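Order of the sequence lines sets the chain letters (A, B, ...), proteins ahead of strands, with each chain counted from 1. Because only heavy atoms are used, hydrogens play no part in the values below, and waters and symmetry mates are left out as well, while side chains stay in. These numbers come from a predicted model, not from an experiment.
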There are 2 protein chains.
Amino acid sequence: MQSEKITSLRRTEEKRRYDDACGTAHGLELIGERWALLVLRELMLGPRRFSQLRADLPGISANVLSQRLTELEARGLVVRRKLPPPANVQVYEATEWGLEAEPIVQTLGRWAARSPSHDPTLPISGVSILLSVRTMFDRAKINGMEATINFRFGPDAYVAQIHDGEIDILRGEAEEAALTIASDPPANLAAVMYGKAPYELIEWSGDKVLLDRFVDLFELPPKAAVPAA
Amino acid sequence: MQSEKITSLRRTEEKRRYDDACGTAHGLELIGERWALLVLRELMLGPRRFSQLRADLPGISANVLSQRLTELEARGLVVRRKLPPPANVQVYEATEWGLEAEPIVQTLGRWAARSPSHDPTLPISGVSILLSVRTMFDRAKINGMEATINFRFGPDAYVAQIHDGEIDILRGEAEEAALTIASDPPANLAAVMYGKAPYELIEWSGDKVLLDRFVDLFELPPKAAVPAA
DNA sequence: CCGTATCCAATAAGATACTG
DNA sequence: CAGTATCTTATTGGATACGG
């Protein structure tokens, strides 16, 4: 049955190719199907389980997620890994090359943020927000800023290290963080960062001045002017 | 009928949304359908006609191209413009915001060039090659290089201006070009640039030293290491 | 020649139920 | 929980025909 699945996958891929030497076309063959880039996005900050992916990709169905993961694995962008006992669960992890797709996610996201039809009030995953932190911070305002900030989205913990004009993000929790932010749902943090909504929407503890400065780093880009329909 | 088409388009778009505030997801709603980004790519160096797009996107069918153009227009990424008499023909042109998608095309293309399954010998459009010129040149080797090079792909003429560490590309022909390169099919030029194939594959006239230096600017990136299947 | 419209067959996506 | 199986619907691509 496995070989049959692979055969049908190969037959499909041959038909749906673009027959174009352009790297962009080949990129679309690799990660251009519906949901594929979003699945990869969710793996950008570390391995995730099937059910976590399903929860963070509202509307994806189990069979499509399963198929996308199989394809991404066949293409060398994702590996499935069995965690050692006692956890003993299977997780999906981006390969090194898969992680190199992050600039695609960022470039596409930054461009689309200018869309007049972008609705920033929709639900969003914790991973997406933290990737947007890396993408959208104002480089002019960050100068000299050095800080460690903990984030919690339900059970998921991340640390942002603001250092030397860049922001690194890791899984986990830092003891020495000057600030801890928790948001449930994660969209509330987006409302605070990009909509300048009141802090009541999130939970936070620690350095309030740092929180102010952090929130001030983010601003949505101006909307693109589009011709009248 | 037009209103019916728009209604069905809207109904479709509602179902196929990602319901995700992440900019990347919204970007995929805008240019994530099959062929959409490639259509936009073909417009990156200036307006094109329907039949030119069809010819440069091997395998796209007329109805799909038509639908993609309608959608891109509805989203404000493309406008259709009627050239003044005596030409009197309709062309499709990227809007300013549409042109701002070029970094997406570039980032995706550069990433995918590392794919072990990328086949650079397939057919390719002139626009794709010249976009790759902008994307893939070696910044370390270009230092101090100043030149104007004409390109011809069948009836289409372009000029590359290498200046100040960057490469600009425009439609048209420059009188004062030091070098003129013609390639038919365009894939032959790709073979020369990236495969270091012999110059016999192309036609050229002018400064041979410049041609050597130009070709030397390009190199495919190393293939990504992927886990064994 | 430039598209658009229509019809058809193949496939992908979505919804739901089900199994180890 | 982690998927698979099955069924329905939507999209795609190919062919062809039609109007400007």
| request: Would you please say whether a donor-acceptor pair under 3.5 Å links the side chains of B:Thr148 and B:Glu176? | output: no
| said: Please tell me whether B:Ser128 and B:Ser125 have a donor and an acceptor in their side chains that are separated by less than 3.5 angstrom. | reply: yes
What is the distance from [atom1] of [X] to [atom2] of [N], rounded to the nearest Å?
X       : N      : atom1 : atom2 : value
B:Leu57 : D:dG13 : CG    : P     : 11 Å
B:Glu71 : D:dT11 : CD    : C1'   : 10 Å
B:Leu65 : C:dC2  : CG    : P     : 12 Å
B:Gln67 : C:dT6  : CD    : C1'   : 14 Å
B:Ile60 : D:dG14 : CD1   : C1'   : 13 Å
A:Leu69 : D:dT4  : CG    : C1'   : 14 Å
A:Gln90 : D:dC1  : CD    : P     : 15 Å
A:Asp19 : D:dG13 : CG    : C1'   : 13 Å

| field | Short side-chain N/O contact from B:Tyr92 to OP1 or OP2 of C:dC2, under 4.0 Å | value | no
| Any side-chain N or O of A:Arg34 under 4.0 Å from OP1/OP2 of C:dG14? | yes
| task | Within residues 43-53 of chain B, find the residues that approach DNA chain C with a heavy atom at under 4.0 Å, and present them sorted by residue number. | result | B:Arg49, B:Phe50, B:Ser51
| request: Could you pick out which residue, A:Arg80 or A:Tyr18, lies toward the 5' side of DNA chain D when each is mapped onto its nearest nucleotide? | output: A:Arg80
| Between B:Glu93 and B:Arg49, does a salt bridge (Lys or Arg N to Asp or Glu O under 4.0 Å) hold up when you go through it step by step? | CA-CA 9 Å; B:Glu93 182 173 28; B:Arg49 302 189 59 172; over 6 Å; no
| Roughly how far, to the nearest 0.5 Å, is CZ of A:Arg152 from CH2 of A:Trp204? | 14.5 Å
| Point-to-point distance, once rounded to the nearest 0.5 Å, from CD of A:Glu200 to CG of A:Asn188 | 11.5 Å
Side-chain atoms of residues 219-228 of chain B: list all donor-acceptor pairs with protein atoms under 3.5 Å, sequence neighbours left out, distances to 0.1 Å.
residue	atom	partner	partner atom	Å
B:Lys223	NZ	B:Ala113	O	3.1
B:Lys223	NZ	B:Ser115	O	3.1

| task | Just do the salt bridge (Lys or Arg N to Asp or Glu O under 4.0 Å) check on B:Arg41 and A:Asp20 with the steps written out, would you? | result | CA-CA 12 Å; B:Arg41 176 196 74 192; A:Asp20 190 327; 2.9 Å; yes
| said: For a quick test of reading the model, state the closest non-hydrogen atom pair linking B:Thr107 to A:Thr107 and the distance between them. | reply: OG1-OG1, 3.5 Å
| Between B:Arg80 and B:Phe50, is NZ or CZ placed under 6.0 angstrom from the six-membered ring centre and within 45° of the ring axis? | no
Please produce a list of atom pairs where a protein N or O lies less than 3.5 Å from an N or O of nucleotides 16-20 of chain C.
none

| remark: The nucleotide from D:dT12, C:dT4, D:dG13 with an atom nearest the side chain of B:Trp35 is D:dG13
